[in-house]
Q: 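Please see the structure below; I have some questions.
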Amino acid sequence: MSDATLFEQVKDEANRADPYPLFARLRETPVALQSDGTYVASTHAAITSLLHDPRVSSETLPPADRPKTGNPLSDWIVKPIRDRITDAHRPFIFRDPPDHDTLRKAVMHEFTNARVQALRARSHTLVDEILTKHAGSTEFDVVDDLAYPLPVTIICEMLGVPTEDEPRFHGWATQLATALEPDTLADTEARAENSRTFETISDYMTGLIKEKRRTPKDDMLSGLAGGGVPGVPRMGDYDLIATSILMLVAGHETTVNLIANATLALMRNPEELASLRRDPGRAPRLIEEVQRYDPPVQFRTRRALADIAIAGTTIPEGADIILLLASGNRDPAVFTDPDRFDPDRGGIRHLGFGGGLHYCIGAPLARFEAEAALTALAQRLDHPRLADDPPPYRPGSALRGPKHLRLAIDGIRPS
Amino acid sequence: MTCDHLVIVGASLAGLRGAEAARQAGFAGRLTLIGDEPHRPYDRPPLSKQVLTGSVAPAATALPNLVPLAAEWHLGSAAAALDRGERVVTLQDGRRIAYDRLLIATGARPRPWPDAAQGRLAGVHTLRGREDAAALRASLAEKPARVLVIGGGFIGCEVAAACRDLGLPVTLVETGPTVLAGVLGTYLGAVVGALHEARGVDLVFDAKVEALEDDGTGRVVRARLADGRAIETDCVVVALGAVRNTEWLTGSGLAFDEGGVDCDPEGYVVDTEGRPDKAIAAAGDVARFPHPLYDGRRVALEHWGHAAAQGAHAARLLTGHGAGPYDEVPAFWSSQGGVTIKSVGLTEGADSLVIAQGDPKTGRFLALYGRAGRCIAAVSFDSVRWLPAYAEMVAVRAPFPPIRGGVDQGRLSEMAPGLAQRDET
């Protein structure tokens, strides 16, 4: 069987529950050409090398191309201008240095320790409230009941997006997250849908940013919109909108998977669940092992700006590159017994948060949110059992996680 | 003959990592470490940075012991002589220690001020060990009116930066046209100089301190430059580089001088006839060896990572757990004035330089050094993200410059690095 079909199989929903055997076969060719011309890097060494290579660009989105309306004024005057603006102000996950650095620096400046610590405390409160609300239940869907509401509330509160507006952009966020899926990028209709959604969410954000400028609060959007901090670059409005959308979407889609994947791993390894119940201090090593063993972001796409000779092949200029992070995490050259879930393995260098200059900016949030969720689940769920194993998965192969994770329980203990 | 007893002379980084590597590789025989200082191994990089600013106590620099060593320690007395026939090391206090295999990791010491009496004046420092750092820290804590740093190498620059961190007036005098000219060349040397100047370091170039003068009570008050200028100072740091601790090898028949003890490509020391002694290897600052990446040119490297890696390599070699030439790509880092400088490869003899990534104007960039059309070194300023890619290029001696059209790249104009051209001997 050729490599071409291997990555096709990774994307195939039939393999969503367990793509890892496919990764093992992909690793036989560390950088493998696919039938569509993309190159899949699947070993830890190849991925790490490409993450730090200046010939590898993150500017992978196709040029903006809004759907035509039929109105000549819109189609010939407004559309090209707006398309150009979109192209010039992509979210920084899709941008290269030096622009990327300027935007990221502005965001990092708002990630203050005080803010992170406050949200950390807040996430424990939220988890307690959520579990208490379900006190009488005999069934608990980890995704719908906890893994989704927790990060969404946290990201909204951090940014300063009114939580009551959340249902409006729930669907938008899910739609925009498909920008990380190669098949969406290859599909004209899906791209058009993303572009419409981006427009809608941009309008919402534009309004919100105006309000933050009028009456600034102690939140991240107010800070970014206000600017004027010496040494910190001030963002233009288009970048500010793109950046806030990026954080909103990232805050929606990734931590949900982390909490769900972690819970699934705990349910499949009952001794680990029991030891977390006895010792909440085990949460950090559990979470890092989930980021290795079953990470929320399975791969990212990049583009070669020049020919790159690597691992016995040459990625030609212009080719798309898939960095299969979740496969690097199972590379036996780096991890002993890589398919075993083992929170006590020492010195793990996982790629679960990526690496290099695009390393996940929200990693601290993900870590404390998952810690709050997992420690409380271990403490409070009475006799949890998996209702379905494997659980049903959402369609995405890049952002991969259960659609539902239903547990049968005997009840929820008071906190 | 098998190795029943590995003796390591030198209880700093190279020695410790050597001991650990031997144990990790399964060496079960006797293991002895000899150190001239009374301390267990400690880490030196903080001594010219955090220890001077007071954020790390000198005693808090102990190196973590990564592997149980079950070693005998002879601390506080330096090795004084080596008898290769008898296979015995004699210490200054007269103890004699027999070995089967010997690892020489005696390191280096600061090159002293040429006038010994002036060098002993109160207020005159050199910086290498923990006590040196504690003494200099104590001097700086007394808020001297002006610190004078003699020498613009890494230690000199880091000390000057620490002085500015403490708000102290500081003058740095350098005989060359820029700081760090010897290792980075004058082009980047000027970039680093501008950084220190902007932070308030008073830089004096192309100048030589001729004499240190005292107040009549043995305390330094003034430095006299060769051109007659005087610099009033009550605290002097002599940072003129290092000399290798090799004198104890006198009479051993090994090839050595103040630049190091000579080794073959694997790390075995060689005698004055060039014959390797397979019972003895050297590692770290003291070891001068032909580097395969640089056409077999003999180098003695003073880098932290090199000491650790070569120490481990030599110990495995001696205990029969490894063989082959030592070929780690040299690398170092320095942090000064809030900037982290990291480097791979050796710049020596470079004939061209490009700013391969970023822009010196922004303070974040990577400079690439070429020689005869190949990459030989890369130096990053607050831009370590790109260093691994260029380290690979240096390791395979890729054509110079290897990358065009990448992200965050300017025009890649080739410039002269301003380095002394290599002496082809």
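Since the model is a prediction, treat every value here as computed from it, not as a measurement. Chain naming here is simple, since letters A, B, ... match the order of the sequence lines and numbering starts at 1 in each.
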Q: Atom NE2 of A/His358 and atom CZ of B/Arg385: how far apart are they, to the nearest 0.5 Å?
A: 8.0 Å
Q: Hey, is NZ on B/Lys49 packed in by over 12 heavy atoms from elsewhere, all under 6.0 Å?
A: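 Result for NZ/B/Lys49: enclosed.
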Q: Tell me if the CZ atom of B/Phe332 is crowded by more than 12 foreign heavy atoms within 6.0 Å.
A: yes
Q: Do you know which two heavy atoms are closest between B/Arg404 and A/Ala306, and how far apart they sit?
A: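 So the minimum-distance heavy-atom pair works out to O-CB, 3.9 Å.
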Q: For B/Gln409, is it the side chain, the backbone, both, or neither that has a heavy atom closer than 4.5 Å to a heavy atom of chain A?
A: neither
Q: CD1 of B/Ile403 to CG of A/Asp307: how many Å apart, nearest 0.5 Å?
A: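 Reported value, rounded in 0.5 Å steps: 12.0 Å.
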Q: How long is the straight-line distance from CG of A/Asp53 back to CH2 of B/Trp386, given to the nearest 0.5 Å?
A: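 Here the rounded value is 8.0 Å.
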Q: Do B/Val407 and A/Leu305 make a side-chain contact, defined as non-hydrogen atoms from C-beta onward lying under 4.5 Å apart?
A: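 Touching, per the 4.5 Å side-chain cut-off.
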Q: Taking all non-hydrogen atoms of both residues into account, name the closest pair between B/Ala389 and A/His52 and its distance.
A: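 Heavy atoms of B/Ala389 and A/His52 come nearest at CB-O, 3.3 Å.
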Q: What option among B/Gly406, B/Gly358, B/Pro402, B/Ala356 has the most heavy-atom pairs under 4.5 Å with chain A?
A: B/Gly406
Q: Using a cut-off of 6.0 Å, state whether more than 12 heavy atoms not belonging to A/Arg345 lie near its atom CZ.
A: yes
Q: Using non-hydrogen atoms and a 4.5 Å limit, figure out which bit of A/Asp101 sits close to chain B: side chain, backbone, both or neither.
A: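 Side chain of A/Asp101 only, per the 4.5 Å heavy-atom cut-off to chain B.
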